[in-house]
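Here's the structure, in structure tokens; my notes come after.
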Number of protein chains: 2
Amino acid sequence: MDTMSSEMCEDVRMATRKYEQRVRAESAEETRRGILEAVGHCLRDAPNEPLSVDRVARLAGVARSTIYLVFGSRSGLLEAFAEDLWARTGLGDVSAAVASDDPLTHLRDGIAAASRMFAAERDVYRALFSMAHVDPASVGVTVQRMEDDRAGGMAYLAQRLADAGALRTDTSVVDATHILAVVTSFESLDQLIAGRGMSLDDAIVVLTAIAERSVCEGGRTRASAPPRRRAATSPPRS
Amino acid sequence: MDTMSSEMCEDVRMATRKYEQRVRAESAEETRRGILEAVGHCLRDAPNEPLSVDRVARLAGVARSTIYLVFGSRSGLLEAFAEDLWARTGLGDVSAAVASDDPLTHLRDGIAAASRMFAAERDVYRALFSMAHVDPASVGVTVQRMEDDRAGGMAYLAQRLADAGALRTDTSVVDATHILAVVTSFESLDQLIAGRGMSLDDAIVVLTAIAERSVCEGGRTRASAPPRRRAATSPPRS
DNA sequence: CATTCGACAAGACAGCATGTCTTGCGAAGT
DNA sequence: ACTTCGCAAGACATGCTGTCTTGTCGAATG
């Protein structure tokens, strides 16, 4: 069974109350979504700023007190945002991309899908991961769950490679899991794209090469995409 | 009278002024160092808290205003701390460890030395790297310089490997530089140690294996240390 | 149709952070 | 001796979080 408990999280234990009434529930859900979207806008507009509740409120067109009413606290808001983001853009698509019978295809498609997932909302994910270190109380739990999901997927992949005899003979399943966990981390992708100025596609090629060469027997992928020009010779731009 | 006002301190843009006098200069330098050490203590004691100037001041036994006097601002304080940390524990030792003629030894020793360097002050470095994302205005510049230093070293190493014919034939120098940059990043080490519960020594072995397999022709290092038991079978903790 | 109730706005208030500026003191410098 | 420097102490302005209170409008309900 793959990871990702895709339950119908219709009513989470959030601040939603019990409703016989429909229109009010919809309206409440609408403002809730509006606030979460405003958080996304803030993080995308200024990924490098502390994200004040006041800013979110003004951007969402609601009162600051409403945010505290709905989410309880700043931490609750960020937590809900991370939860929502992960539910919307998380590993669901990756699991789908990974249905292949061939574990090597599983590895390649998995890295590509996970990378595209992170890259699609890179600023947001970077902000979340940073906050998880600076202030674990807020997004810490959800970020930990993201990491656990990913680690579980990598352990599963490593086991599949081992079962298919595709694992390097000098590498145990546990070690392969560790290696895959490093290579498929958000930080590795971000390092290549933001830190070294690569395009997403080039970064995927490099990460795939690292993964394949490190855990697969006879991994022979090129590090650069073949038919195009080599990776840019330009110096790393920040 | 003649007050010999000294406006020309173009030395560093630090808070150090110009001194004919010795004892006062020493005393000033001493409090400066005391404050920086207090920052270190704060980050080590509670790596996951915002680090208030007030806390640093109390821990250093100085007035809060003194910090603003000496460092100008919170950002200046952090900047100075990062600068000092990098000067004390930075890549100097790594360069020394890397004097080998053999580029492969260079690679292995370099990864080991850099990893030990990061690990010796892991909490501090993690806090700095997180802050560099959350608030680039403060430590951003110094962290960028750290990364540039490291990237430069990796480019040099990749070139040496190429010159010695040790580079994989399917990997350009540029790609090797990218790969080495990812593998030797603080985040990769931290992922293995904090995220996956490995010991420093085991993490070094894994990182070395990844690097060697990914960029070296015929890289055949084991991923686990040979004479000991395999890497722990326990699931990732935390 | 009138009344109740729920979603939300508006804003006061306390607590804590940064950052500025002023004042005073004691010891090093001359 | 008296000036100057390093620093303590603290007032003050500003901005953010978090709590709580009061008011309003429209949906729900009998």
Side-chain angles (χ1 to χ4, degrees), chain A residues 11 14-36 38-39 42 46 49-80 131 134-135 137-139, chain B residues 1-7 9 14-36 38-39 42 46 49-81 131 134-135 137-139:
Chain A
D11 59 333
M14 272 342 289
T16 42
R17 313 184 180 177
K18 52 214 169 200
Y19 283 104
E20 265 67 48
Q21 30 231 18
R22 290 287 132 69
V23 181
R24 280 185 178 169
E26 279 171 22
S27 140
E29 183 57 27
E30 198 175 306
T31 59
R32 185 188 145 87
R33 288 228 48 87
I35 293 169
L36 290 182
V39 173
C42 276
E49 275 169 44
L51 181 73
S52 79
V53 175
D54 196 75
R55 221 168 96 83
V56 173
R58 266 183 286 117
L59 214 146
V62 302
R64 197 169 61 93
S65 58
T66 301
I67 293 183
Y68 284 95
L69 180 70
V70 175
F71 296 100
S73 69
R74 193 191 122 100
S75 298
L77 171 64
L78 293 173
E79 188 67 33
M131 285 191 295
V134 170
D135 175 21
S138 56
V139 285
Chain B
M1 302 281 194
D2 175 10
T3 54
M4 66 177 72
S5 60
S6 57
E7 295 306 316
C9 52
M14 272 342 294
T16 42
R17 312 191 177 174
K18 159 165 207 253
Y19 287 102
E20 264 68 46
Q21 30 232 18
R22 287 288 131 69
V23 182
R24 279 185 177 169
E26 280 170 21
S27 142
E29 183 58 25
E30 198 175 305
T31 57
R32 186 189 144 88
R33 290 226 46 87
I35 293 170
L36 290 182
V39 173
C42 276
E49 274 168 45
L51 181 72
S52 80
V53 175
D54 196 75
R55 221 167 97 82
V56 173
R58 267 183 284 118
L59 213 146
V62 302
R64 197 168 62 92
S65 59
T66 301
I67 293 184
Y68 284 96
L69 181 70
V70 175
F71 297 100
S73 69
R74 192 191 123 98
S75 297
L77 171 64
L78 293 173
E79 189 68 32
F81 174 78
M131 284 191 296
V134 169
D135 174 21
S138 56
V139 287

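Per chain, numbering begins at 1; letters A, B, ... match sequence-line order. In this text, all values refer to a predicted model and were calculated from it rather than measured experimentally.
- Rounded to a whole Å, the CZ atom of B:Arg32 is 16 Å from the C1' atom of D:dC7.
- Applying the side chain to side chain contact (heavy atoms under 4.5 Å, CB included) test to B:Ser27 and every residue at least two apart in sequence or in another chain returns nothing.
- The distance from atom CG of B:Leu77 to atom P of C:dA17 is 15 Å, rounded to the nearest whole Å.
- Not counting sequence neighbours, the partners of A:Ala137 by the side chain to side chain contact (heavy atoms under 4.5 Å, CB included) test are A:Asp135.
- For B:Thr31, there are no side-chain hydrogen bond (donor to acceptor under 3.5 Å, both in side chains) partners, not counting sequence neighbours.
- To the nearest angstrom, P of D:dC7 lies 10 Å from CZ of B:Phe71.
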Which donor-acceptor pairs under 3.5 Å do the side chains of residues 67-78 of chain A make with protein atoms, sequence neighbours left out?
residue, atom, partner, partner atom, Å
A:Ser73, OG, A:Ser75, N, 3.3
A:Ser73, OG, A:Gly76, N, 3.1
A:Arg74, NH1, A:Pro50, O, 3.1
A:Arg74, NH1, A:Leu51, O, 2.6

Counting primed atoms plus P, OP1 and OP2 as sugar-phosphate and everything else as base, spell out the protein contacts along nucleotides 10-23 of chain D at 4.0 Å heavy-atom distance: B, S or - for each nucleotide, 5' to 3'. B-----SBBBB---

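- Between B:Arg22 atom CZ and C:dT30 atom C1' the separation is 15 Å, expressed in whole Å.
- In terms of the side chain to side chain contact (heavy atoms under 4.5 Å, CB included) criterion, residue partners of A:Arg33 (sequence neighbours excluded) are, by chain and number, A:Glu29, A:Glu37, A:Asp84, A:Arg88.
- The shortest heavy-atom contact between A:Val139 and A:Glu79 is CA-OE1, 3.5 Å.
- The CG-C1' distance, from B:Leu69 to D:dA9, rounds to 13 Å in whole Å.
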